[in-house]
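Data block below; observations after.
Computed from heavy atoms alone, side chains included, the values below leave out hydrogens, waters and symmetry copies.
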Amino acid sequence: MTSTVYQNNQNYIDFILHLADTNLILAQRLCEWCGHGPVLEQDIAMSNMALDLLGQTSNYYNYAAEIIGNGATEDTLAMLREEREYKNLLLVEQPNGHFGDTVARQFFYDSYHALLLEQFLKVKDLKLQSIAEKSLKEVKYHLKWSAEWMIRLGDGTEESHNKIQQAVYDILPYVGEAFILAPYQKALIEEGLIDNPIDFKATWLANVKAVLYEATIEADVENTFAQKGGKEGVHSEHLGFILTDLQYMQRTYPNLQW
């Protein structure tokens with residue numbers, strides 16, 4: 001039974017949807033690599049990370065559906081909402097590009113995601129806490145994978161270094177949004193239901209800089225202008241195309257089930 005503290009709280013619903021949407025869209029992006037990875041081992045690694053994220057997404061959507069009621073399900077929340085209703089970070093909807101572009105996008109998200117889940121281990125909501133506990137084991141692996149590839153590419157050949165360096169420059173404007181609070185986050189922080197991600201920003205920054213230093217990659221992470229809007233449904237041109245692929249079967253054959 002869901003506590004009425006959450007049942008009647010639209011801000012909390014929006015926050016859980018933000019978490020679900022972010023993982024769903026990143027999982028969809030990683031799925032696009034299936035069969036196209038640079039080597040078989042990394043093709044499988046990215047597919048496995050996508051599956052991890054989809055599992056986490058399912059947990060979040062099921063929880064959101066439980067809070068919302070009125071016949072909502074994980075399928076309706078994932079497949080039948082419009083683009084402006086999605087609250088994912090702009091970071092995760094950016095194109096895959098080449099392998100280095102995907103690694104850079106994954107690294108910056110993983111670095112944030114792991115610390116966010118650690119923060120959830122202390123929330124009052126036992127359901128969110130349990131989702132975080134299970135997810136953190138998977139995300140720690142994701143971070144290990146992406147950090148190692150950042151270093152391997154950055155401190156590799158001249159070509160690999162130049163490509164991953166440019167990938168970091170290109171993705172940086174979409175990184176800072178994670179620490180820009182949406183109205184529903186501000187309200188929940190004031191209610192004491194979640195903690196402020198700003199609390200771990202210094203740790204995140206130190207962790208990111210340590211990897212970039214070892215990878216010999218230059219990046220002004222602190223001062224790069226941050227694009228925003230994704231958390232409130234204002235997205236880049238890329239999300240609509242992602243949803244077209246993601247929702248095609250459900251839109252074409254309503255109520256289709258496996």
If I compare all heavy atoms of P197 with all of A178, which pair ends up nearest, and what's the gap? CG-O, 4.3 Å
What's the spacing between D245 CG and Q28 CD if we round to 0.5 Å? 6.5 Å
Classify the ring geometry between F99 and W33 as parallel (under 30°), tilted (30 to 60°) or perpendicular (over 60°). perpendicular
Examine the side chains of Q10 and D14 and answer whether a donor and an acceptor come within less than 3.5 Å of each other. yes
Given 3.5 Å as the limit, does a donor-acceptor pair link the side chain of R105 with the main chain of Q94, or not? yes
For K201, enumerate each residue passing the salt bridge (charged side-chain N to carboxylate O under 4.0 Å, His left out) test, keeping only those at least two apart in sequence or located in another chain. none
Between the main-chain N or O of L54 and the side-chain N or O of S58, is there a donor-acceptor pair closer than 3.5 Å? no
Taking atom CG of L24 and atom CG of L246, what is their separation to the nearest 0.5 Å? 5.0 Å
What's the shortest heavy-atom distance between E74 and A65, and which atoms? N-CB, 4.3 Å
Return each pair, listed once, that meets side chain to side chain donor-acceptor pair (under 3.5 Å) where at least one residue sits in residues 79-92; pairs must be two or more places apart or across chains. D21-R81, Y86-Q247, N88-E93
Using 30° and 60° as the class boundaries, would you call the ring planes of F120 and F15 parallel, tilted or perpendicular? perpendicular
Begin from the C-alpha positions of L30 and L51 and carry the test side-chain contact (heavy atoms from CB on, under 4.5 Å) through to its verdict. CA-CA 9 Å; L30 289 173; L51 289 172; over 6 Å; no
Over all atoms of both residues, closest heavy-atom pair of L128 and Y60: CD1-CE2, 3.8 Å
Do the ring centers of F179 and Y112 come within less than 6.0 Å of each other? yes
Are L136 and V123 grouped together when hydrophobic residues (ILVMFWY) are joined by side-chain heavy atoms under 4.5 angstrom apart? yes
Kindly indicate, with the supporting measurements, whether the criterion side-chain contact (heavy atoms from CB on, under 4.5 Å) is fulfilled by Y174 and L89. CA-CA 8 Å; Y174 302 100; L89 294 172; over 6 Å; no
Between the side chains of N23 and Y109, is a donor N or O closer than 3.5 angstrom to an acceptor N or O? yes
Whichever hydrophobic residues join I44 through chains of side-chain contacts under 4.5 Å: L40
Heavy atoms only: give me the nearest E232-A182 pair and the separation to one decimal. CG-CB, 4.3 Å
Short side-chain donor-acceptor distance under 3.5 Å, N196 and Q119: no
With sequence neighbours left out, the residues meeting side-chain contact (heavy atoms from CB on, under 4.5 Å) with Y213 are none
Between the side chain of T76 and the main-chain N/O of T73, is any donor-acceptor distance below 3.5 Å? yes
Can you name the closest pair of heavy atoms from S236 and L90 and give their distance? N-CD2, 3.8 Å
Among side-chain atoms of K122 and Q129, is any donor-acceptor pair under 3.5 angstrom? no
Please check: side-chain N/O of S135 versus main-chain N/O of Q56, any donor-acceptor pairing under 3.5 Å? no
Taking E218 for the side chain and Q165 for the main chain, is one N or O donor matched with an acceptor at less than 3.5 Å? no
Residue pairs meeting salt bridge (charged side-chain N to carboxylate O under 4.0 Å, His left out), one or both in residues 123-137, sequence neighbours left out, come to E66-K127, K134-E138
Do N96 and E32 get their side chains close enough for a donor-acceptor pair, meaning under 3.5 Å? yes
List the steps and the verdict of side-chain contact (heavy atoms from CB on, under 4.5 Å) for I189 and D195. CA-CA 6 Å; I189 290 168; D195 292 327; over 6 Å; no
Can any side-chain N or O of D43 pair as donor or acceptor with the backbone N or O of V39 at less than 3.5 Å? no
Let's go through D101 and I171 carefully: what are the C-alpha distance in whole Å and the side-chain angles of both, what is the deciding distance for side-chain contact (heavy atoms from CB on, under 4.5 Å) to 0.1 Å, and is it a yes or a no? CA-CA 8 Å; D101 291 319; I171 206 67; over 6 Å; no
Straight-line distance of E118 CD to H113 NE2, nearest 0.5 Å: 11.0 Å
Examine F241 and L239 and state if one hydrophobic cluster contains both, with Ile, Leu, Val, Met, Phe, Trp and Tyr joined whenever side-chain heavy atoms are less than 4.5 Å apart. no
With no hydrogens and no angle check, just 3.5 Å: does a side-chain donor-acceptor pair link N62 and N59? no
Considering only heavy atoms from C-beta outward, does the side chain of L172 approach that of F108 to under 4.5 Å? yes
N/O donor to acceptor pairs below 3.5 angstrom from side-chain atoms of residues 143-160, sequence neighbours left out:
from : atom 1 : to   : atom 2 : distance (Å)
K144 : NZ     : E148 : OE2    : 2.9
W145 : NE1    : Q42  : OE1    : 2.7
S146 : OG     : D110 : OD2    : 2.9
S146 : OG     : H142 : O      : 3.2
S146 : OG     : L143 : O      : 3.3
W149 : NE1    : Q42  : OE1    : 3.2
T157 : OG1    : S160 : N      : 3.0
T157 : OG1    : S160 : OG     : 3.3
E159 : OE2    : K163 : NZ     : 3.4
S160 : OG     : L153 : O      : 2.7
S160 : OG     : T157 : N      : 3.0
S160 : OG     : T157 : O      : 3.1

Using 0.5 Å steps for rounding, measure from the OH atom of Y63 to the CD1 atom of I67. 4.0 Å
For the CG atom on N255, are there more than 12 heavy atoms of other groups (residues, nucleotides or ligands in this structure) within a distance under 6.0 Å? no
